[in-house]
Structure formats: C-alpha cells, structure tokens
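Ligands are counted one by one from 1 in listed order, and the atoms in each one are counted from 1 as well. Residue indices begin at 1 and follow the sequence shown. Every heavy atom of this structure was used, including side-chain atoms; hydrogens, water molecules and symmetry mates were not.
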Amino acid sequence: MITYEDALERVLKPLLAVPVVSLSLTEALGCCLAEDVSALVDLPGFDTASMDGYAVRAGEVSRSGVVLPCRLEVAAGRVADRSLESGECARILTGAPMPAGSDAVVMQEDTEREPDGRIRFNDGVKPWENVRFRGEDFRMGTRVLAVGQRLGPPQLALAAAAGRAELRVHRKVRVVVASSGDELRSPGATLAPGQIHDSNSVLLTTLFRSAGAEVIQVPTLPDQLEATMAGLESALSMGDLVITAGGASVGDRDFLRPAWERLGGQLDFFKVAIKPGKPVFFGTLRGGHLIGLPGNPVSAFVTAILMALPALRRLQGSAEVGLPATVGTLSVPLSNPGLRRHFMRVILEESGQVRSAGVQASHILLSMARSNGLVDVPPSTEWPAGTPVRVLRWPGV
Ligand code: AMP
Ligand code: MG
C-alpha cells in the first residue's frame, strides 16, 4: 500500500497536457492557456473622464465660484474637435477622451448652469481629479495572463480588453466514465430484487463536467472478464482518460484489474493508504490512462477528488493541479480512531466553522450530499473543538 502523495505523483508523472487549439474568448471558458498573453493596446487607451461633468484647466478652477463659458462637447466614442482654450470649459461625459489642454473634470453635481448658459463651479478641483490615465491598468506589451492559467469570466474579459479575440488554449479534455456491476440500473429504472440505481455515473459525469471536462459516459461494464476487457478497450479509444468505478477490489467478481492486465495494461499501483477509497488503481496502456475507483459511492467520490481531479487538471494544462483548500476551525471535535488517514466529509460554514457532515461510512450518500469539503484526519487522532483544519474543496460547491 502506498501513500496518497506517492500515488498522486505516480498518476501525474505520465500525464501530458492535451493538444492546443485556438478558440474564441467565449468558447475558451474553463480552458487553460497554452500561451502568455501580452496586451496589444494600452488600457485605458487615452486619458479618460471618469465622471459626467466639465473638463477644465485645474489651475483656473482651484476655488469655488468660478464661472466659465462652455462651447466644446465630447462624449464617449468621440474626440473633441479642438483643444480646450484658456478661460473656457468643455462638456464631457464618462469614458470620453480628455480634450487637449484640459487636466481635470469637475463633476456635474458640483456645477450649475447660469441663465446665460455659462457654467458655475461650486467646488474647486485639483489637477487630474476625475481623470483615468492612459495605461493606468496596463501598457501595450504587458504580460496580462500566463501559460497554464485557467480562463474564467474575469480572465476572458481581460483578454478582450487587452485586444485579443482568440486565445491558444488546451482543448477540452475528454474523460470517459464507466460504472461496473451487474446490480446497476439507470436512474429512475424499476429495480428487481438485488438491483440498485447507478449513482456513480451521475456523480462522476457531473463532477468532471463541472471541472471543465467533456464527459463521455459508456455502458455499464458487466461482472464478466471478456466483456469488461471489451468495454475498457473501447473506452480507451474514446478519450484522454478513462475513469471506472467499481469492480476494482479483490472480490471474485471484481474484473477491472484482471481485464486491464489481460489487455496488456501496466498497473502502476493498487491500494492507497487512505480511507475511504483504499482499492484504487492507476494504469497505462498504449498511451491511454485508467484510474480505477472503488464502487462504494463515497469512496468513488473521495478518490475522484483526490486523484482524478488533479489528473484532469494536468491534462488540461493547468499550472495548478492541487485542490483548492480553505482554512477553518472545528466547532465540535473530530476524530479518526482508525489506522489509515481518513478524508472526512465536513460542512464548512461561511463563518469558517467546520463540523462533520454526519455518518462517515463509505456507503452513506446523505452525509456526502450535505458536505462541502473534506478534511484529511491523520490516523489515531482526536481533534478538539477549536482546532484549525484545512478543508479541501471540489468544483461546484
Ligand atoms: P464494488 O467496488 O464493485 O465491489 O462495489 C462496492 C459497492 O458499491 C457495492 O455495494 C456496489 O453495489 C456499490 N456500487 C458499485 N458501483 C456503484 C454505482 N455505480 N452506483 C452505486 N453504487 C455502486
Ligand atoms: Mg461490483
């Protein structure tokens, strides 16, 4: 049995990022950059009014009570047709370029229009007040995004503002999900005695989809060697990474590992010293990769988070492969009397308080569905309330 860290290293080692494509900004949502992005323009592109009001020479409106004629106007998307002369002001709207000769904007609320149309300034202004400077956000040529960065809405908006319409990114990773077990029936199906609904396919399909993968769900692998071999062979040809759930242990009807080995697959490890999810394996065959998760729903969930999500991120070309974590504080004691480290389902409150999500056995879905994090509790450990803990998170919580 190997440690979790060792297992993760072995999973990540042979994985390379998937090929690079050019995608439009909105198509690139969730993808990771395969290039550094440098700005093609300055932002702002010109000295800009940040308020609706009047552009002035600040030295001429340093105190309240000044009255100036207004014969020039500039709106967003336009430029003034001449410079601002001494002794006048210009009507200006938010986002408009500052007319040459002006160096401040007095906001509209601090002004009044005289009966003769001139503008009275009820407040003084300092040089460059209410002006956004050219290049204040970034200059042309500045590296604004880096290789390996994941593209969410703010990053994509930045790329647009920096002048880009398309980005070089790693294409979506195709994850093939297969459940294993003769007892499994589709969600909603009427069950004969001994049968259960397949929840793992739903869990894994949606987990990887929320992590940005394209998921292909294949028919359930039956508890039979040749059929499992055929199912694995076809799954391998469909995607970048195959994830199975069930049939991975040492029971008489657990055919995943024998099928993999009969196909000629390498078995990198089998069994990791964690709870839940000890019988998890990783293998490589003809450049394809398989992570065999245990069948118990919570074991499948925890091992998918601990092993398969980092693998997915590596394939996606992400600079970050680790899981996001939040530090919280136990509001009640948490203990692991066992001899393996236990990744326990917890509820992390917005206040930062952390407590167990309920019964921790690997077949209990209710506590899994209540949880929004996992805490890695070492063997033979009793943590009192008040202990600071690191809560591992997954996409979509
Ligand atoms: P296995 O790893 O195949 O021995 O399965 C362990 C336990 O998980 C058994 O009780 C299975 O019935 C259950 N199980 C396996 N696959 C699934 C699945 N896709 N959905 C729900 N339960 C499952
Ligand atoms: Mg089974």
How far does SG of Cys70 sit from CZ of Arg113, to the nearest 0.5 angstrom?
-> 6.5 Å

Where ligand 1 meets Gly247 - atom numbers and elements under 4.0 angstrom, heavy-atom basis = 1 (P), 2 (O), 3 (O)

Counting from 1, what ligand 1 atoms have a heavy atom of Gly246 closer than 4.0 Å?
-> 2 (O), 3 (O)

Heavy-atom distance to atom 16 (N) of ligand 1: which of Leu204, Leu256, Asn200, Val177 wins?
-> Asn200

Have a look at Thr48 and tell me which of Arg134, Glu136, Arg132, Met98 forms a side-chain contact (heavy atoms from CB on, under 4.5 Å) with it.
-> Arg132

Atom 19 (N) of ligand 1 sits nearest the protein heavy atom Asp198 OD1, 2.8 Å

For Arg78, does the CZ atom sit with more than 12 other heavy atoms under 6.0 Å from it, leaving out its own atoms?
-> no

Protein residue, atom and distance nearest to atom 23 (C) of ligand 1, heavy-atom basis | Gly295 O, 3.5 Å

Does Glu382 CD have over 12 foreign heavy atoms under 6.0 Å away?
-> no

For Asp52 and Thr94, test the side chains for any donor-to-acceptor distance below 3.5 angstrom and give the result as yes or no.
-> yes

When distances are taken from atom 6 (C) of ligand 1, the protein heavy atom at minimum range is Asn296 N, 3.7 Å

Do we see a donor-acceptor contact under 3.5 Å between the side chains of Ser180 and Thr244?
-> no

Report yes if some N/O of Ser201 lies less than 3.5 Å from some N/O of ligand 1; otherwise report no.
-> no

Would you call Ser199 a ligand 1 contact, heavy-atom distance under 4.0 Å?
-> yes

Short list, please: which atoms of ligand 1 are under 4.0 Å from a heavy atom of Ser179?
-> 19 (N)

Could you tell me the separation between the NE2 atom of His363 and the CG atom of Asn296, rounded to the nearest 0.5 Å?
-> 8.0 Å

Should the proximity of Glu183 to ligand 1, defined as any heavy atom under 4.0 Å, be assigned to the side chain, the backbone, both, or neither?
-> side chain

Interatomic distance, CZ@Arg71 vs CD@Glu88, rounded to 0.5 Å, equals 5.0 Å

Would one find an N or O of Ala245, backbone or side chain, under 3.5 Å from an N or O of ligand 1?
-> no

Does Gly181 have a heavy atom less than 4.0 Å from any atom of ligand 1?
-> no

Distance-only N or O hit between ligand 1 and Ile196, under 3.5 Å = no

Quick one: look up the protein heavy atom nearest atom 4 (O) of ligand 1 and list residue, atom name and how far away it is.
-> Asp254 OD1, 3.7 Å

Element-labelled atoms of ligand 1 that are located less than 4.0 Å from some non-hydrogen atom of His197 | 20 (N), 21 (C)

With under 30° as parallel and over 60° as perpendicular, where do the rings of Phe301 and Trp394 fit, or are they tilted in between?
-> perpendicular

Arg253 near ligand 1 by a heavy-atom separation under 4.0 Å = no

Using the six-membered ring of Tyr4, assess whether NZ or CZ of Arg341 lies under 6.0 Å from its centre and within 45 degrees of the ring axis.
-> no

